[in-house]
Each structure stands twice: as C-alpha cells, then as structure tokens.
Amino acid sequence: MALNQITDPDVLILASCSQTLQGDYADEGKEWIGSPFAWIKTRPSRQIGVIGEKLVAGFLATKGFDVVRSPDSQADRVINGERAEVKFSTLWKGGFYKFQQLRDQNYKFAVCLGVSPFDAHCWVIPKTVIMAQWGAGNGLDSQHGGQAGTDTAWLSVVPGQEPQWLRECGGRLGDAAALIVRLTGRKPLP
C-alpha cells in the first residue's frame with residue numbers, strides 16, 4: 001500500500017515511522033539468500049524443532065542408520081536402538097547456535113544440529129556429559145531463572161570455539177555419525 005492510499009492521518013504517521021525503521025532491518029537475513037536452509041528461517045518457531053528432527057533422521061537414514069520416532073515424549077528418536085533427543089538451531093546473528101530445552105529425560109544422547117547459511121555443525125552429547133556440564137560455566141546453563149528454572153538448559157556454541165568438553169562430541173556431521181556408532185555399538189547398515 002502506497003502512502004498516498006492511506007486516508008487516516010494516524011495510520012499515515014505510523015506508516016511513515018515504519019518506513020523510517022525499514023532501513024534498520026534491510027540487511028537482516030541477507031546472509032541466508034541463496035542458502036538451501038533459508039526456507040527454515042521463514043517457518044514459525046514451533047515448526048523449526050520438528051524440521052530439525054526430520055533433518056537429523058533423514059541425514060542419518062541416508063548414512064544407513066536405523067532411525068525411528070520415539071514411542072514417548074522422553075526422547076525424539078530411537079537411533080540404532082538407542083534413545084536420542086534432537087536439538088536444532090539456525091545460526092544466530094551473533095555467530096552462535098543456541099540449543100534450547102535440554103532436559104533430564106529418558107535418552108542416551110542428544111544430537112545437536114546447527115545450520116548456518118552454507119554450512120552445518122553437529123554434536124552428539126551423551127546425557128551423562130550434559131548433566132555433568134550443566135551449570136559448570138562452559139556454555140551449558142539453566143535456561144530459565146528462578147526456582148523453577150532448573151529443569152531446562154540451553155547450550156550456546158560458537159562453531160570452532162567450542163569448550164574442550166564439547167569438542168570431544170563432534171562438530172562436523174561426519175564426526176557426529178562416528179560418535180553415534182560408538183554410542184550405539186552398531187554400525188550403520190550398508
């Protein structure tokens with residue numbers, strides 16, 4: 001709608017303010033132009049986690065892993081017979097991933113997949129490591145404050161600048177696949 005189509009003077013003021021602000025946001029998201037992952041950024045946040053689960057399942061299935069949905073909400077997938085939680089993040093503006101809602105549930109390991117415009121990173125973190133590192137000041141902190149805030153954690157990761165404990169959990173997709181083999185004790189199917 002062009003400004004000359006607006007008849008209400010208050011809407012005209014608001015539209016003018018909007019146009020002034022538009023320049024502040026013009027460059028936002030440009031780094032994702034042409035990315036095969038750009039469409040994910042357009043989806044509502046409630047869908048993005050499901051998309052991440054499907055990306056992990058699809059990638060691992062192409063590598064020969066047996067991946068099925070978990071029979072309950074305590075894990076997202078069962079990979080080679082082991083329960084796994086899947087966390088997904090697109091690269092945030094500050095150059096980091098943030099994997100949210102990590103909980104003390106019934107899973108053996110978490111698969112944390114992060115996609116940037118033209119790269120991807122993946123860490124496979126045993127639950128025992130998550131519980132040991134939670135709140136230790138190494139990027140894995142309680143997500144919410146207050147007394148009730150100790151049930152969920154989030155992990156902030158700058159690719160290439162991971163703390164030592166996380167470097168042992170992968171970083172590249174191939175590393176993650178190798179760790180899943182080690183954690184499940186089963187090689188992918190041919």
Side-chain angles (χ1 to χ4, degrees), residues 1-63 67 76-77 84-102 110-125 130 133 137-145 152-167 169-180:
M1 175 185 285
L3 287 179
N4 62 1
Q5 294 177 294
I6 297 174
T7 58
D8 184 314
D10 289 329
V11 175
L12 188 60
I13 291 169
L14 187 65
S16 180
C17 291
S18 173
Q19 287 184 323
T20 302
L21 288 173
Q22 184 178 2
D24 295 344
Y25 298 91
D27 289 336
E28 197 167 300
K30 281 190 174 180
E31 64 274 6
W32 290 88
I33 294 174
S35 165
F37 306 113
W39 68 274
I40 297 169
K41 300 285 284 178
T42 69
R43 304 312 309 154
S45 59
R46 69 182 181 279
Q47 288 181 355
I48 291 176
V50 173
I51 292 167
E53 289 176 30
K54 290 178 179 180
L55 284 173
V56 167
F59 173 75
L60 292 175
T62 66
K63 295 292 186 180
V67 183
D76 294 313
R77 295 287 190 266
E85 186 72 0
V86 176
K87 296 300 174 187
F88 179 67
S89 177
T90 56
L91 194 68
W92 288 40
K93 194 171 188 161
F96 60 92
Y97 298 116
K98 190 163 288 269
F99 302 104
Q100 302 182 53
Q101 302 291 320
L102 287 160
V111 179
C112 296
L113 174 65
V115 296
S116 60
F118 298 96
D119 203 358
H121 300 86
C122 192
W123 295 270
V124 177
I125 312 168
I130 290 170
Q133 293 299 325
N138 290 316
L140 184 60
D141 300 302
S142 290
Q143 189 165 341
H144 305 288
T152 60
W154 55 12
L155 173 63
S156 297
V157 183
V158 175
Q161 297 178 21
E162 305 93 332
Q164 182 59 43
W165 70 268
L166 190 56
R167 279 186 225 131
C169 298
R172 306 299 309 163
L173 290 167
D175 299 333
L179 285 165
I180 292 172

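Note that the structure is predicted; figures quoted are calculated from it, not measured. Scope of the values below: all heavy atoms of this structure, side chains included, with no hydrogens, waters or symmetry mates.
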Measuring from atom CD of Q133 to atom CG of L102, what distance do you get when rounded to the nearest 0.5 angstrom? 12.5 Å

Measuring only between side-chain heavy atoms, which start at C-beta, is V56 closer than 4.5 Å to D76? no

Residues 110-117, side-chain donor-acceptor partners within the protein, below 3.5 Å, at least two apart:
unit_1, atom_1, unit_2, atom_2, d
S116, OG, D119, N, 3.4
S116, OG, D119, O, 3.3

Any donor-acceptor pair under 3.5 Å from R167 side chain to E162 backbone: yes

Point-to-point distance, once rounded to the nearest 0.5 Å, from CD1 of I130 to CZ of F99: 11.0 Å

Rounded to the nearest 0.5 Å, the SG atom of C122 sits from the CG atom of L60 at a distance of 7.5 Å

Under 3.5 Å, side chain of K98 to main-chain N/O of S89, donor-acceptor pair present? no

Rounded distance (nearest 0.5 Å) linking atom CH2 of W39 with atom CD1 of I51: 4.0 Å

List the atom of D10, the atom of D8, and the distance in Å for their closest heavy-atom pair. N-OD1, 2.8 Å

For the atom pair CD1 (I180) and NZ (K63), what is the distance rounded to the nearest 0.5 Å? 11.5 Å

Mutual orientation of the aromatic rings belonging to W123 and H121 [parallel < 30°, tilted 30-60°, perpendicular > 60°]: parallel

Measure the spacing between CD of Q5 and CG of L12 and express it to the nearest 0.5 Å. 12.0 Å

Test I125 against L140 for side chain to side chain contact (heavy atoms under 4.5 Å, CB included), laying out the working first. CA-CA 12 Å; I125 312 168; L140 184 60; over 6 Å; no

Heavy atoms from other residues, nucleotides or ligands near NZ of K54 exceed 12 (cutoff 6.0 Å): no

Which pair of non-hydrogen atoms, one from E53 and one from R77, has the smallest distance, and what is that distance? OE1-NH1, 3.2 Å

Shortest non-hydrogen pair, K41 vs T90, comes out as NZ-OG1, 3.3 Å

Is any side-chain heavy atom of Y97 less than 4.5 Å from a side-chain heavy atom of L91? yes

